[in-house]
Structures are given as C-alpha cells and as structure tokens.
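Encoded as structure tokens, the structure appears first; notes follow it.
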Amino acid sequence: TAWGGQYATGTGNTGQSACAAGSYSPPAGGASTCTPCEAGKYQPNGAKSWCAIAEGGQYATGTGNTGQSACDAGSYSPSSGGATACTPCEAGKYQPNGAKSYCSLAEGGQYVSSTGSTSQTPCAAGTYSPSSGGATSCSAVPADNYQDQAGMSWYHACPSGTSTSGATGSDEASDCA
C-alpha cells in the first residue's frame, strides 16, 4: 500500500511513486493516483499528502497549482485565504500595493470613482467629500458656502449678511457678496 503523498498503480507493486508538485494523495495512504490541488490551493513540493490554501492577498487559479500568485495593486483577496482570483477594489476604495487582503476607503476630501483603483483623488476647490470617507465623487459646496482649497471634507459658511445668490460650488470667499 502506498503511503500518503505516494501512489501505486495496478496490482502486485513492489514500489510506490511520489506525487508530483501541484498534487497530493491522502495521508491514510493506499492511493492509486494523485489528486491535483483544488483551485485556491497549491503544493510546491512533491510527495505530499496535502495542499496549502492560498493566503490572503494571493490566489491560485485552476487546479494542480505549484504556487500562489500575488494580487495586483487595485485588487485584493480575503484574509481567510483560498481565493481562486483577486477581486478589484470597489469604487470608493483603493489599494496602492499588490499582495494585499483589503482595500482602503477613500479618505475625507478624496474620492475614488472607479473599480480597481490604486489611488484616491483629491476633491477640487469648490467641492468636498464627507469625512466618513468612501466617496465615489465629490459634491459641490452648497449655496451660501465656499471652499477655496482642494482635498477638503468641509466648507466655510459665507460671512454674515453675504450669500452666493444661490450658486453652488463656490471656490473662493469673494463669491460671497
């Protein structure tokens, strides 16, 4: 009987053969063939009775993997592992580095408009995004307010007795008259 990580074909065998990298045979032994590692798992060595789970930030696509691959920047795989592919960061989130198990929320005053982003973009003067983060776009500063700086999560009220006459998106204090 073949040991775990080994196999023996046919009957009357006097020896056993090692499973190749990317495959395994059960620890209980007795296998007549080796089983390719399932998608999301890998085995870099031969003669093994198990396959490793792809780690968070990594993936193993298809079957018979001898290694895991790192997710690209702008994507992730969960920290629980076992991913068969990486997931692009959703809009409002970004990941500047590869091999990560998470995406970061766009910070207040910033936004991320598309999926798979590697960076966040500051809101232009006259616009803002909330300090809670995760914005997919910036909002125009409301009427009777202004914001003269880029990348802000707040805005200034016009001085008492002045207004923007209903205009939104004011980007300088002189818009308040």
Side-chain angles (χ1 to χ4, degrees), residues 21-22 24 36-44 50-177:
Y24 71 101
C37 293
E38 297 89 358
K41 296 182 177 184
Y42 69 101
Q43 179 48 261
W50 51 273
C51 293
I53 294 174
E55 300 165 0
Q58 310 280 328
Y59 68 99
T61 190
T63 60
N65 294 297
T66 58
Q68 57 185 346
S69 301
C71 293
D72 291 333
S75 67
Y76 73 100
S77 70
S79 59
S80 57
T84 59
C86 298
T87 303
C89 295
E90 61 192 73
K93 295 182 177 184
Y94 70 103
Q95 179 48 261
N97 303 304
K100 296 296 181 183
S101 60
Y102 62 91
C103 294
S104 298
L105 274 179
E107 298 167 4
Q110 312 278 324
Y111 71 99
V112 177
S113 61
S114 60
T115 60
S117 292
T118 59
S119 62
Q120 56 186 348
T121 304
C123 293
T127 67
Y128 74 102
S129 70
S131 59
S132 57
T136 58
S137 63
C138 298
S139 300
V141 171
D144 301 331
N145 295 277
Y146 70 95
Q147 179 47 268
D148 55 1
Q149 299 175 55
M152 295 296 160
S153 61
W154 50 273
Y155 46 86
H156 305 278
C158 286
S160 181
T162 66
S163 78
T164 60
S165 300
T168 60
S170 297
D171 60 2
E172 51 189 55
S174 62
D175 290 340
C176 299

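Along the sequence shown, the residues carry numbers beginning at 1.
Remark: Y76 pairs with T87, C103 by the side chain to side chain contact (heavy atoms under 4.5 Å, CB included) rule, at least two apart or across chains. Listed by chain and number, the residues in a side chain to side chain contact (heavy atoms under 4.5 Å, CB included) with A99 are Q58, A70 (sequence neighbours excluded).
Across all non-hydrogen atoms, the minimal contact from Y155 to Y146 is CB-O, 3.5 Å. The two residues T127 and V141 come nearest to each other via the heavy atoms N-CG2, 3.9 Å. In this structure, G109 and S153 approach most closely via the heavy-atom pair N-CB, 3.7 Å. Contact detail for P142 and Y128: the closest heavy-atom pair is CD-CE2, 4.2 Å. Looking at every heavy atom in both residues, A39 comes nearest to T63 through N-CG2, 4.0 Å. Shown here for S77 and G56, the closest heavy-atom pair between the two residues is OG-C, 3.7 Å.
D144 contributes a side-chain N or O that, together with a main-chain N or O of T164, makes up a donor-acceptor pair within less than 3.5 Å. Of the possible donor and acceptor atoms, one in the side chain of N145 sits under 3.5 Å from a partner among the backbone N and O of A143. A donor-acceptor pair is defined here as one N or O able to donate and one able to accept, closer than 3.5 Å; such a pair exists between the side chain of Q95 and the backbone of Y102. In this structure, the side chain of S129 engages the main chain of Q110 through a donor-acceptor pair within 3.5 Å.
To the nearest 0.5 angstrom, L105 atom CG is 10.5 Å from C89 atom SG. Interatomic distance, OG of S69 versus OH of Y59, reported as 4.0 Å (0.5 Å rounding).
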Scan the side chains in residues 113-123 for donor-acceptor partners under 3.5 Å anywhere in the protein, sequence neighbours excluded, and list what turns up.
{"residue": "S114", "atom": "OG", "partner": "S117", "partner atom": "OG", "Å": "3.4"}
{"residue": "S117", "atom": "OG", "partner": "S114", "partner atom": "O", "Å": "3.1"}
{"residue": "Q120", "atom": "OE1", "partner": "E107", "partner atom": "N", "Å": "2.8"}
{"residue": "Q120", "atom": "NE2", "partner": "Y94", "partner atom": "OH", "Å": "3.4"}

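Among S160, P159, S170, S165, the one residue that satisfies the side-chain contact (heavy atoms from CB on, under 4.5 Å) test with C176 is P159.
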